[in-house]
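A short worksheet on the structure shown next.
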Amino acid sequence: MEIKFLGAAQEVTGSNYLVECGGRKIFVDCGIHQGQDEDEKNKEEMFISPGELDAVILTHAHMDHSGRVPFLVKHGFRGRIWATKPTSELLNVMWRDSAHLMKEEAAWMNRKNSRKGLPPEEPLYNVNDVEDALRLLSHVDYETENEVLPGVEVRAYNAGHILGSAVISLTLKEDGKEVDVVFSGDLGQMEPIMEPVPAAVKKAHYVLIESTYGNRRHKDLADTRNEFRSVIRQALMDKGKVLIPSFVIDRAQRILYELLLMQRDGLISEDLPIFFDSPMGVKATELYRRYSGILSEEVRRIVDKGGDPFAPLGLNYVSSPEESRKINSVDHCIVIAGSGMCMGGRIVHHLKHGLWNPNNHVIFVGYQGYGTLGRRIVDGATELRIAGEDVAVAAKVHTIGGFSAHGDCDDLLAWAQNFETDPLFFVVHGERDSTHQLASVLQQAGMRSMVPIKGQEFLLLAESALKAETSAVVEPEENEAVVALNVLSRLIEELRYDLKGDIDLGDIMPLLMSGRTLLEMAGDKVRKMAPPR
């Protein structure tokens with residue numbers, strides 16, 4: 001029995017873990033990469049041939065956990081795909097939408113490629129691959145045992161992250177030995193609004209725990225709501241547009257709910273147009289209504305009284321591209337659109353037409369991955385190239401971290417402390433600083449943790465889990481030179497991203513060559529000082 005870390009190891013996207021037991025091979029999550037060089041990474045060959053896999057188990061529907069599954073099916077996977085029923089229904093919406101967007105993007109790229117004499121590009125997968133993948137779905141229920149393969153039992157617990165999200169507990173049995181491995185997936189907050197509190201799991205030998213916000217603390221609910229309301233009111237006083245890039249599952253529904261509460265409290269006009277510009281988001285919202293019985297108590301109270309928690313007055317669902325473009329002529333409104341990291345979807349169109357206006361406001365309500373357009377806006381870019389045009393960033397930019405569907409450092413620690421078996425924690429699904437910070441926090445609380453790297457493999461044995469030593473599991477702090485090199489590496493990656501496309505390199509190349517010369521000089525000095533090997 002063993003596990004191999006194929007994705008989301010010291011990075012946030014592309015969750016993918018290979019588990020082997022009794023000759024069976026299982027993927028837990030199979031997500032796409034979002035951000036830097038995402039197209040190249042998503043088209044990379046799998047670590048093993050898809051036809052060799054026996055099953056896929058999904059923690060939830062977000063694309064960074066599920067979005068590569070149709071690609072897996074396209075290349076020969078024929079096993080079962082296990083997920084909760086709400087997750088399966090969300091996948092039916094998300095995978096179809098993803099295939100549609102990929103087709104449109106490939107067509108756009110091929111028009112450019114044909115003018116340059118370049119070969120055409122194929123989308124990662126198409127709607128036929130999605131149909132094939134959907135036919136392989138099987139359901140697991142919360143709090144029930146499901147034998148998905150001989151010697152492999154699955155129990156799902158509500159993760160409190162998005163509709164249908166699950167903590168997955170695998171019980172692996174081989175040659176008379178038994179090991180429990182828990183995958184947190186993405187965990188919600190301990191003070192939730194949309195979802196229930198993440199379920200406590202008591203038993204495990206190994207735990208893979210996410211760390212998206214492993215080095216941060218969210219504001220509490222009251223402060224988060226006050227911050228959001230203050231930003232909205234400030235934006236509306238400027239009589240411009242309020243653009244809210246949003247993940248259309250959970251986050252969009254949360255924003256609709258918060259706007260409804262603001263109307264009820266008399267803080268915004270019921271006549272203010274609110275555009276929800278996402279056909280996929282509309283379908284997802286219908287699923288939230290249908291499964292309101294498994295949402296938080298606060299949301300259920302509104303439903304029990306006959307209310308709709310996701311329908312503020314003035315709400316307009318936007319379906320066609322033509323309707324979306326018409327929003328350009330509306331000067332004063334709120335626009336909620338995907339994608340949440342601004343790497344596609346209709347929000348890109350709205351940013352292109354709205355970022356230049358100093359009366360407009362952009363409110364980020366979710367995590368912005370490294371290398372994404374959203375991250376570059378949050379980090380203070382003053383000019384961006386969006387959909388082929390250079391756009392000045394004059395709009396006011398705000399970040400509301402407390403709306404995240406992810407728990408923060410304190411939430412993750414509280415969830416981890418539910419275990420009664422002293423498991424070994426693998427800290428995953430976070431950027432490097434977040435993973436190492438959470439690993440340190442766990443150790444300070446008396447728990448054992450380590451930060452795996454991509455491609456690392458571990459035998460899964462109960463006795464090994466119990467013997468693992470804390471002192472050997474977290475990398476030592478790096479010296480100042482290595483920290484500086486890490487910063488340079490990130491700047492180089494950002495610059496490589498910015499240099500895509502037709503750009504005049506006349507003034508840039510001398511600067512790049514100077515930087516190269518300085519790095520070569522530093523390398524020569526280090527090699528002269530280094531002791532002989």
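Across every non-hydrogen atom of R251 and A405, the tightest pair is NH2-N, 3.1 Å. When all heavy atoms are compared, the tightest approach of V248 to S278 is CG1-OG, 3.3 Å. Closest approach of L90 and A284 over heavy atoms only: CD2-CB, 4.2 Å. Taking each heavy atom of E210 and S184 in turn, the nearest pair found is N-OG, 3.0 Å. The two residues A204 and V207 have their closest heavy-atom pair at CB-CG2, 3.7 Å. D64 and V12 get closest at one heavy-atom pair: OD2-O, 3.7 Å.
Using a cutoff of 4.0 Å between basic side-chain nitrogens and carboxylate oxygens, R254 and D250 are not scored as salt-bridged. Using a cutoff of 4.0 Å between basic side-chain nitrogens and carboxylate oxygens, E258 and R229 are not scored as salt-bridged. In summary, D277 and R346 engage in a salt bridge, as defined by a charged side-chain N under 4.0 Å from a carboxylate O. Salt bridge status for R301 with E297: present, with a side-chain N to carboxylate O gap under 4.0 Å. Residues R290 and E89 are paired through a salt bridge, judged by an N-O separation under 4.0 Å between the basic side chain and the carboxylate. The pair R96-E131 counts as a salt bridge, with a side-chain nitrogen and a carboxylate oxygen less than 4.0 angstrom apart. Salt-bridge check for K203 with D180: passed, with a basic side-chain N closer than 4.0 Å to an acidic carboxylate O.
Residues V28 and V181 are not in side-chain contact: their nearest non-hydrogen atoms beyond the backbone lie 4.5 Å or more apart. In this structure, the side chains of V201 and W415 come closer than 4.5 Å at one or more pairs of heavy atoms. Residues E298 and M194 fail the side-chain proximity criterion, which asks for heavy atoms closer than 4.5 Å. When side chains are defined from C-beta on, I336 counts as touching L256, because their heavy atoms get closer than 4.5 Å. R216 places none of its side-chain heavy atoms less than 4.5 Å from the side chain of D408. Between L6 and K4, some side-chain heavy-atom pair lies under the 4.5 Å cut-off. Counting heavy atoms from C-beta outward, E174 and C21 have side chains that approach closer than 4.5 Å. Between K43 and L124 there is a side-chain heavy-atom pair separated by less than 4.5 Å.
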> Going through the distances and angles, do E286 and R289 end up as a salt bridge (Lys or Arg N to Asp or Glu O under 4.0 Å)?
Replying inline: CA-CA 5 Å; E286 287 301 319; R289 291 189 180 102; 2.6 Å; yes
>> Run the side chain to side chain contact (heavy atoms under 4.5 Å, CB included) test on I249 and M94 for me, step by step, so that the C-alpha distance in whole Å, both residues' side-chain angles and the decisive distance to 0.1 Å come before the verdict.
In response: CA-CA 9 Å; I249 296 176; M94 296 184 70; 2.8 Å; yes
> Could you go step by step and tell me if H218 and H406 meet the ring-ring contact (aromatic ring centres under 6.0 Å, His included) rule?
Replying inline: CA-CA 10 Å; H218 299 320; H406 289 269; 8.6 Å; no
> Under the side chain to side chain contact (heavy atoms under 4.5 Å, CB included) criterion, do F47 and K25 qualify, and how do the steps go?
Replying inline: CA-CA 12 Å; F47 174 75; K25 295 181 175 65; over 6 Å; no
> Does the pair R135 and D132 meet the rule for a salt bridge (Lys or Arg N to Asp or Glu O under 4.0 Å), with working shown?
Replying inline: CA-CA 5 Å; R135 282 191 284 269; D132 291 340; 2.4 Å; yes
> Taking it one step at a time, do R432 and E11 satisfy salt bridge (Lys or Arg N to Asp or Glu O under 4.0 Å)?
Replying inline: CA-CA 7 Å; R432 188 185 183 284; E11 60 180 345; over 6 Å; no
> Are Y157 and S169 close enough, and set up right, to give a side chain to side chain contact (heavy atoms under 4.5 Å, CB included), and what steps lead you there?
Replying inline: CA-CA 8 Å; Y157 301 85; S169 177; 3.9 Å; yes
> Going through the distances and angles, do F425 and Y206 end up as a ring-ring contact (aromatic ring centres under 6.0 Å, His included)?
Replying inline: CA-CA 6 Å; F425 287 89; Y206 300 91; over 10 Å; no
> Does the pair F228 and M262 meet the rule for a side chain to side chain contact (heavy atoms under 4.5 Å, CB included), with working shown?
Replying inline: CA-CA 10 Å; F228 179 71; M262 288 186 71; 4.1 Å; yes
> How far apart are the C-alpha atoms of F77 and F27, what are their side-chain angles, what is the distance that settles it, and do they pass the ring-ring contact (aromatic ring centres under 6.0 Å, His included) test?
Replying inline: CA-CA 11 Å; F77 173 70; F27 272 176; 8.2 Å; no
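Put simply, CG on D186 and CG on D29 are 8.0 Å apart, with the number rounded to the nearest 0.5 Å. Rounding to the nearest 0.5 Å places CG of D308 at 9.5 Å from OG of S292. Expressed to the nearest 0.5 Å, how far CE of M102 lies from CH2 of W95 amounts to 11.5 Å. Annotation: the span from N16 atom CG to I32 atom CD1 amounts to 12.5 Å, rounded to 0.5 Å. C30 contributes atom SG, which lies 9.0 Å from atom CZ of F71 (distance to the nearest 0.5 angstrom). Separation of atoms CD (Q253) and CG (L295) is listed at 9.5 Å; rounding is to 0.5 Å.
For the residue pair E195 / S296, no side-chain donor-acceptor distance below 3.5 Å is found, with atom types taken as modelled. Side-chain atoms of Q437 and Y213 include no donor-acceptor pair closer than 3.5 Å. Side-chain polar atoms of S434 and N215 form a donor-acceptor pair below 3.5 angstrom. For the residue pair E431 / T435, no side-chain donor-acceptor distance below 3.5 Å is found, with atom types taken as modelled. With hydrogens and angles left out, the side-chain atoms of R80 and S138 include a donor and acceptor closer than 3.5 Å.
Remark: side-chain polar atoms of S66 are paired, donor with acceptor, to backbone N or O of A61 under 3.5 angstrom. Side chain of N146 to backbone of T144: a donor-acceptor contact under 3.5 angstrom is found. At distances below 3.5 Å, at least one donor-acceptor pair connects side-chain atoms of T224 with backbone N or O atoms of K219. Between the side chain of N42 and the main chain of H33, a donor-acceptor pair closer than 3.5 Å is present.
Tested against Y17, the residues I57, I26, L208 include a single side-chain contact (heavy atoms from CB on, under 4.5 Å) partner, L208.
Ring pair H65/H60 is tilted by interplanar angle, where 30° to 60° counts as tilted. In this pair, F276 and Y317 present their aromatic rings tilted. The plane angle is within the 30 to 60° band. Classification of the H62-F247 ring pair by plane angle, with boundaries at 30° and 60°, yields tilted. The aromatic rings of F310 and Y288 lie perpendicular to each other, with more than 60° between the two planes, well past the 30° mark.
The side-chain hydrogen bond (donor to acceptor under 3.5 Å, both in side chains) search around Y125 returns S98, not counting sequence neighbours.
More than 12 non-hydrogen atoms from other residues, nucleotides or ligands lie less than 6.0 angstrom from NZ of K74. The local environment of CD in E122 is sparse, with at most 12 non-hydrogen atoms from other residues, nucleotides or ligands closer than 6.0 Å.
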